[in-house]
Protein chains: 2
Amino acid sequence: MDKKKETITIYDVARVAGVSMATVSRVVNGNSNVKPATRKKVLGVIEQLGYRPNAVARGLASKKTKTVGVVIPDISNAFYSEVTRGIEDIATMYRYNIILCNSDLQQERETQLIETLLEKQVDGLLFLGGNVREEHLRIYEHTNVPVVLVATKVEDNALPAVGIDQHEAAYDATVHFIQGGHKKIALIGGPLTDLVKGYPRYIGYKHALEEHQIEFDEHLIRIGDYRYDSGYQAMSTLLSLTDVPTSVVVLSDEMAVGAIHAILDNGKKIPEDIEVIGYNNIPIASQVRPLLSTVDVPMYDLGAVAMRLLTKYMHGEEVQTGQVTLPHSLKLRSSTRPLGSIEGEQS
Amino acid sequence: MDKKKETITIYDVARVAGVSMATVSRVVNGNSNVKPATRKKVLGVIEQLGYRPNAVARGLASKKTKTVGVVIPDISNAFYSEVTRGIEDIATMYRYNIILCNSDLQQERETQLIETLLEKQVDGLLFLGGNVREEHLRIYEHTNVPVVLVATKVEDNALPAVGIDQHEAAYDATVHFIQGGHKKIALIGGPLTDLVKGYPRYIGYKHALEEHQIEFDEHLIRIGDYRYDSGYQAMSTLLSLTDVPTSVVVLSDEMAVGAIHAILDNGKKIPEDIEVIGYNNIPIASQVRPLLSTVDVPMYDLGAVAMRLLTKYMHGEEVQTGQVTLPHSLKLRSSTRPLGSIEGEQS
DNA sequence: CTGTTAGCGCCTTCAG
DNA sequence: CTGAAGGCGCTAACAG
């Protein structure tokens, strides 16, 4: 009675049920051209034999694997794990499974992962974060497997991508402070060499100042690596300035929390002395004191929408546009003062 | 020059290189029985044609897919995403890819995911969290695919599993407070119906009290769902007791942070008035103020070790024992007082 | 060292 | 509504 070992195939089912393989295949695939009686009989045998269709064989024959590849910088990063959740939920909905790969943003590894995924015959590919390089483009060019970028994009929009308007988000956060009457608004951002996140956000901040006739002060800029420690460090140096800023836009929630602690450790009050706005709205933003005001990025939706878009490509459906920008908003909590709570400001 | 569409196969390579499929297969698979000259020629053609081996066909022929299935409660949960990181890193090391599936701890879904993964012919299976049910056991019995449980286990150790000693971890945390001179030690735990986490930890707490002749007080027990809000709630009710506890063991870091905030909101000081110990040591533990003292669970290693163990099973290697218990420790930070900082206590 | 020959388990026309 | 037959792309003996 040890059912281990023996692989039972569609052929076995056919034999026992007294029909052909084709018929079994039809009932397994829900093809309607099968007489109810036959179907019932086959289903019975399948149950009885404990038959389990071999997806690999099926994939070879049908050229569809019902699995999509997901290349992600780091699954242990709260932002990406939330996006991945969105991806997986929609994938499940459309009966796809995902092969997850961490790239750690290493160029070589990214390329190699894409190759591996393609070898595994994924029906589609989701590429998150990271920069899309020439090399990738060349690979994509030579394949029919659809690709959708998430939380990143490529110049001239050569590839479908879903994300938010990074420039505008940083702009909005900065304008919020300007409207609050601030003049000395610091920025703790990411590497400006990063054309997808770091740079556009930086420009958004800068534009906000310019448009409101506030002088841009280089001394108020700090570049971190998006993590807690760098946020703490950056804020500490900002605090040691003769002219301490009264507000700071921090381009990641983790850095923002680090900044908050640096401020608190410095004996200053938030938001009374210094106001802080973070970026992304990951869970920790609502689990620290003071509650972190931040740019609310629809992480889950980013993944969900991207996966949905990918299914359209995989199914050959018409797609209006491959470039989708999801809305963001400012989630104001207690690391900022309510607008209007200070000496009169407009709008 | 549009290489799209045309699928180039091992046969094409063989033809162009003027050798047989077998030879091409050999060089692709690094078989040494190939004359260097031939190998070089074949490699050249592969490059020239842009040949990419079809892993699905290979899987069908070799009965190995080089992919393992991972059933996880929720990838957006910090604990599991960290474990998954460990899994993926080791999987990469052994050239495996992982198919990731969220179960949300739903019994039916778990079963269905295992089935799907088996259909996809994964070489191995990792089942995280969640309870292993009769149904699962029955499936495992009828397959040769090795399974390793992570952060969960099954009665009588019928399946290989890697985790920590839950009972002891809770015991240790409790004892720490006892040694600190506490008598009123509260517990914020998880459902006692959970025989893998909730119950054993609860018992560990209880044993610690018993062994140190401290009366168990039911009023000091709260059951949460491991999340921030429930920790806040639970602590709030504890704070409203006439006899407020002086310390609290919280069985998840998120609940612990919630508890911390409830205490702070109540105007009490940590650790002066109340000491708090969390559980797991996820990133947030070191990103809140006061820094959370907690049970350090080697999350990454849990995943890494489990994956490593799985490779042994998949490769038919000898395995000493399938039951591995990784060490935990108390990570003392600032939500607890240093031992000995209060009226003398022994060791 | 290299080629031949069977399949792996299933889908998919094409007949009937 | 059902069966027969030919692959899908590759691996794995087995010869030579």
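Lettering follows sequence order; numbering is per chain, from 1.
Here B:Arg58 does not reach the OP1 or OP2 of D:dG9: none of its side-chain N or O atoms lies under 4.0 Å away. Within the structure, a side-chain polar atom (N or O) of B:Thr38 is placed less than 4.0 Å from OP1 or OP2 of C:dT2. A close approach under 4.0 Å does not occur between any side-chain nitrogen or oxygen of B:Ser20 and OP1 or OP2 of C:dT2. Under 4.0 angstrom from either OP1 or OP2 of D:dC8 there lies no side-chain N or O belonging to B:Asn54. In terms of phosphate contacts, B:Thr9 brings no side-chain nitrogen or oxygen within less than 4.0 Å of OP1 or OP2 of D:dG9. In terms of phosphate contacts, A:Lys63 brings no side-chain nitrogen or oxygen within less than 4.0 Å of OP1 or OP2 of C:dC10. Residue B:Tyr51 has a polar side-chain atom (N or O) positioned under 4.0 Å from OP1 or OP2 of D:dC10. Contact annotation: B:Ser25 side-chain N/O to D:dT11 OP1/OP2 distance is under 4.0 Å.
Inspection of the A:Arg109 and A:Asn102 side chains reveals no N or O donor paired with an N or O acceptor under 3.5 Å. Side chains of A:Ser81 and A:Asn77: a donor-acceptor N/O pair is absent below 3.5 angstrom, by distance only. A donor and an acceptor atom, one from each side chain of A:Lys66 and A:Asn97, are nowhere located under 3.5 Å apart.
In the set D:dG7, D:dA13, D:dT2, D:dA13 carries the atom at the smallest distance from any side-chain atom of B:Arg26. Counting only heavy atoms from C-beta on, A:Ala22 has its side chain closest to C:dT12 among C:dT4, D:dA12, C:dT12. Here the side chain of A:Met21 is nearest to one of C:dC10, D:dC1, D:dC10, namely C:dC10. Nearest nucleotide to the side chain of A:Leu60, out of C:dG7, C:dT2, C:dG9: C:dG9.
Going from atom OG of B:Ser76 over to atom OH of A:Tyr300 covers 9.0 Å, rounded to the nearest 0.5 Å.
No more than 12 heavy atoms of other residues, nucleotides or ligands lie within 6.0 Å of NZ in A:Lys153, so this atom counts as exposed by the packing criterion.
Between the P atom of D:dC1 and the CZ atom of A:Arg39 lies a distance of 9 Å, rounded to the nearest Å. Regarding B:Ile10, its CD1 atom lies at a distance of 18 Å from the P atom of D:dG7, rounded to whole Å. Atom NZ in B:Lys120 sits roughly 23 Å away from atom P in C:dC8 (whole-Å rounding). Separating the CD1 atom of A:Ile8 from the P atom of C:dC8 is a distance of 14 Å, rounded to the nearest angstrom. A straight line from CG of B:Asp12 to P of D:dC8 spans 11 Å, rounded to a whole angstrom. Atom-to-atom, NZ of B:Lys64 to P of D:dC10 comes out at 19 Å; the value is rounded to the nearest Å. Rounded to an integer number of Å, the gap from B:Tyr11 OH to D:dG7 P is 12 Å. Protein atom CZ of B:Arg15 is 16 Å distant from nucleotide atom C1' of D:dC10, rounded to whole Å.
With DNA chain C read from its 5' end, the first of the two nearest nucleotides for B:Ala57 and B:Pro36 is the one closest to B:Pro36.
Looking at heavy-atom distances under 4.0 Å, B:Val19 makes contact with sugar-phosphate atoms alone, never a base. Residue-level contact check: B:Ser62 touches the backbone only, with heavy atoms under 4.0 Å from sugar-phosphate atoms and none from bases.
Of the listed residues (A:Glu119, A:His142, A:Glu115), just one forms a side-chain hydrogen bond (donor to acceptor under 3.5 Å, both in side chains) with B:Arg52, and that residue is A:Glu115.
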